[in-house]
Enquirer: 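Here it is, the structure, as structure tokens.
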Amino acid sequence: MSALAWDSGGASPVHPAGRPEGVPLRAPIHPGRFLERQYLQPLALSQTKAAELLGVSRRRVNELIMGHRAMSADTAVRCAMVFGTSATFWLGLQARWDAWQAWRDLRLQMATQPDGVQHASRPRRRRPCRRAARPPRRHSLRRPGPEPGPTPP
């Protein structure tokens with residue numbers, strides 16, 4: 001049987017071909033991308049200026065816009081205060097994004113399982129950092145050349 005079912009107090013089985021309730025039909029926009037397209041670009045705000053207005057680091061705004069960081073409750077409240085929206089609006093965008101990603105990952109996991117056998121979810125192996133693979137650089141203030149010999153008297 002290739003269907004995945006949860007025994008969680010009367011929850012109905014969910015089939016991999018079907019989309020569970022609460023998961024968007026299409027991939028939703030990431031909250032950071034939405035922030036950039038609907039607020040920063042129309043208002044001609046740079047990431048630096050947005051970071052100043054929100055009271056966060058520029059790196060945090062950049063990671064959010066690039067989709068490398070989730071919209072936290074703190075950031076949602078800050079965006080709500082600066083842009084005149086509600087915090088639940090921003091958290092709702094993040095919830096839709098998270099639900100879609102979880103469903104996509106589950107479908108991919110089920111597609112790679114042989115014969116529909118379900119295994120406990122395993123943590124993904126992280127790729128090693130590129131910097132760790134390289135040997136450390138050795139900087140020297142000395143110029144390469146012959147070793148200094150004894151000084152004449």
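Numbers here are sequence positions counted from 1.
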Enquirer: Test Glu63 against every option in Arg69, Arg58, His68 by the side chain to side chain donor-acceptor pair (under 3.5 Å) rule and name the one that passes.
Expert: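 Among Arg69, Arg58, His68, the one that satisfies the side chain to side chain donor-acceptor pair (under 3.5 Å) with Glu63 is Arg69.
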Enquirer: Under 4.5 Å between side-chain heavy atoms, hopping through other hydrophobics if needed: is there a path connecting Val61 to Phe34?
Expert: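 Yes, Val61 and Phe34 fall within the same hydrophobic cluster.
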Enquirer: May I ask you to test the Met81-Leu54 pair for a side-chain heavy-atom distance under 4.5 Å?
Expert: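 Not in contact.
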Enquirer: For the atom pair CG (Asn62) and CD (Glu36), what is the distance rounded to the nearest 0.5 Å?
Expert: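 Reported value, rounded in 0.5 Å steps: 9.5 Å.
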Enquirer: Is it the case that atom CD in Gln41 sees more than 12 heavy atoms from other parts of the structure closer than 6.0 Å?
Expert: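 Atom CD in Gln41 is packed in, count exceeds 12.
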Enquirer: Quick one: CG on Leu91 to CE on Met71, what's the gap to the nearest 0.5 Å?
Expert: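 Going from the CG atom of Leu91 to the CE atom of Met71 covers 8.0 Å.
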Enquirer: Between Leu43 and Phe89, is there shared hydrophobic-cluster membership here, with clusters defined by ILVMFWY side-chain heavy atoms closer than 4.5 Å?
Expert: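 The answer is yes; both residues are in one hydrophobic cluster.
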Enquirer: Of all heavy-atom pairs between Ala87 and Ala80, which one has the smallest distance, and what is that distance?
Expert: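 Shortest heavy-atom separation between Ala87 and Ala80 comes out as N-CB, 3.5 Å.
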Enquirer: Assess the side chains of Asp98 and Gln94: does a donor N or O sit below 3.5 Å from an acceptor N or O?
Expert: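 Yes - a donor-acceptor pair under 3.5 Å links their side chains.
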Enquirer: Would you give the length of the straight line joining atom CG of Leu93 to atom CZ of Arg33, rounded to the nearest 0.5 angstrom?
Expert: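 It is 14.0 Å, given to the nearest 0.5 Å.
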Enquirer: Which atoms form the tightest heavy-atom contact between Ser46 and Lys49, and what is the distance?
Expert: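 Ser46 and Lys49 have their closest heavy atoms at OG-N, 3.1 Å.
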Enquirer: How far does CE of Met66 sit from CG of Leu64, to the nearest 0.5 angstrom?
Expert: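 These two atoms lie 11.5 Å from each other.
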Enquirer: Quick one, Trp90 with Thr85, criterion side chain to side chain contact (heavy atoms under 4.5 Å, CB included). Give me CA distance, side-chain angles, the key distance, then yes/no.
Expert: CA-CA 8 Å; Trp90 295 103; Thr85 60; 2.7 Å; yes
Enquirer: Would you call Phe83 and Leu35 a side-chain contact if the rule is heavy atoms closer than 4.5 Å?
Expert: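 The answer is yes, as the side chains (C-beta and beyond) meet within the 4.5 Å cut-off.
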Enquirer: Look up atom CZ in Arg26 and atom CZ in Arg96, then write down how far apart they are to the nearest 0.5 Å.
Expert: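 Between atom CZ of Arg26 and atom CZ of Arg96 there are 10.0 Å.
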Enquirer: For residues Leu45 and Tyr39, determine if any side-chain heavy atom of one lies less than 4.5 Å from a side-chain heavy atom of the other.
Expert: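 They are not in contact (no side-chain heavy atoms under 4.5 Å apart), so the answer is no.
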Enquirer: Quick check for you: to the nearest 0.5 Å, what is the distance between Leu108 atom CG and Trp103 atom CH2?
Expert: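 Here the rounded value is 10.5 Å.
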